[in-house]
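Below: the structure, in structure tokens.
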Amino acid sequence: MQDISLLLNATIETMHSNEQIIEQLTAQVATFFEQQHADHDFYHIQRVVKLAQKIQEIEGGDYFVVTCAALLHDISDHKLNGGIMNDNGRVSRLYLEELNCSPELTNQICDIVDKVSYKGAGVEDESGSLELKIVRDADRLDAIGAIGIARAFHFGGARNRPFFVPDVTPTNHTSFEAYSSDKIHTINHFYEKLLLLKDRLETETAKQIAQKRHQLMQDFVDQFHAEWEGRDF
Ligand code: ADP
Ligand code: NI
């Protein structure tokens, strides 16, 4: 009897501290992303957390790991961490250690943060846990559809890039370095990443959500070319 109550207390204690970690992490990540561009701001993080929790609810996996990894997934982005291309979840580890997250959970979360990024059309995604698949799918769902279109044009505009240059055709990047250093026009980004994402999703739930979002993007680029080439009048 005593053992059970000890176990229950320990479980309640863990649940409580996990909730506290999520709460504190959310506040810290919100502050970190305060100054970021709209293509990559705290609203993006919040949408990814929501999508990831929805997928987790249906597909299983660990709620705490999914939530923390979704919160931290862009914190080690090379565009935000001083240009380090692969920091092995270093920044996430600092946040989680500070909040006394267990080493085992910290490792699981950092592994996801480390592997979440899209690295080019010709670069295979890294394999990992169910929680990695969930967070990566959630991040990718927020890169497609209406919001995906808005983010892409915001990204290009904020960097002063043309949104279309007809004779610059898409590239099949075979390394992250080549992909991330290529200052492409925004329409090419659809062919080099956004239109490819639906076939790189791994959970059934994400694949279903992606259908409408993908179709909208496909219709958008088809109409874009029709207008550019004067085929719609
Ligand atoms: P995430 O890892 O959150 O998917 P990224 O850091 O790769 O996002 O990019 C942020 C947003 O900007 C995404 O919506 C992405 O599609 C868009 N984006 C990234 N690179 C380009 C690009 N070269 N041109 C236009 N949009 C881009
Ligand atoms: Ni992201």
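First listed ligand is number 1; within each ligand, the first listed atom is number 1. We number each residue from 1, following the sequence as shown.
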- Task: Give the intermediate values and the outcome of side-chain hydrogen bond (donor to acceptor under 3.5 Å, both in side chains) for residues E104 and Q108.
- Result: CA-CA 6 Å; E104 197 200 322; Q108 287 179 38; 3.3 Å; yes
Full working for ring pair (Phe, Tyr, Trp, His ring centres under 6.0 Å) between H225 and F164
CA-CA 10 Å; H225 290 300; F164 185 47; 5.4 Å; yes
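Cation-pi check for R159 over F155 is met; the charged atom lies under 6.0 angstrom from the ring centroid and within 45 degrees of its normal.
For the Ni ion (ligand 2), the nearest N, O or S atom contributed by D139 is named OD1. Take the N/O/S atoms of D74: the one nearest the Ni ion (ligand 2) is OD2.
Of the candidates F155, F153, Y118, it is F155 that places a heavy atom closest to atom 22 (C) of ligand 1. Among H44, R159, R151, the residue whose heavy atom lies closest to atom 14 (O) of ligand 1 is R151.
By the rule that hydrophobic residues join a cluster once side-chain heavy atoms approach within less than 4.5 Å of another member, L96 and V49 end up as members of one cluster.
The Ni ion (ligand 2) lies at the vertex of an angle of 100° between the NE2 atom of H73 and the NE2 atom of H44 (rounded to 10°).
Not one N or O of Y179 is nearer than 3.5 Å to an N or O of ligand 1, by distance alone. Not a single N or O atom of T186, backbone or side chain, sits closer than 3.5 Å to an N or O atom of ligand 1. The distance criterion of under 3.5 Å between nitrogen or oxygen atoms is not met by D182 with respect to ligand 1.
Remark: ligand 1 atoms within the under-4.0 Å shell around heavy atoms of D74 are 2 (O), 3 (O). Those atoms of ligand 1 that come under 4.0 Å of a heavy atom in D139, given as number and element, are 1 (P), 2 (O), 3 (O), 4 (O). The ligand atoms of ligand 1 that sit less than 4.0 angstrom from a heavy atom of I184 are 23 (N). Near A152, meaning under 4.0 Å from one of its heavy atoms, ligand 1 places the atoms 25 (C), 26 (N).
When heavy-atom distances to ligand 1 are checked against a 4.0 Å cut-off, K193 comes that close only through its side chain, counted from C-beta outward. When non-hydrogen atoms are compared, ligand 1 lies under 4.0 Å from the side chain of L194 (C-beta onward) but not from its backbone.
Counting heavy atoms from C-beta outward, D62 and V66 have side chains that stay 4.5 Å or more apart.
At least one heavy atom of R161 lies less than 4.0 angstrom from ligand 1.
Here the straight-line distance linking atom CD1 of I45 with atom CD1 of I75 works out to 7.5 Å at 0.5 Å rounding. To the nearest 0.5 Å, atom SG of residue C101 and atom CD of residue Q24 are 11.5 Å apart.
Judged purely by distance below 3.5 Å, without hydrogens or angles, the side chains of Q218 and D222 pair a donor atom with an acceptor atom. Side chains of E57 and Q53: no donor on one and acceptor on the other come within 3.5 Å. No hydrogens or angles considered: a donor-acceptor pair under 3.5 Å links the side chains of E227 and Q223.
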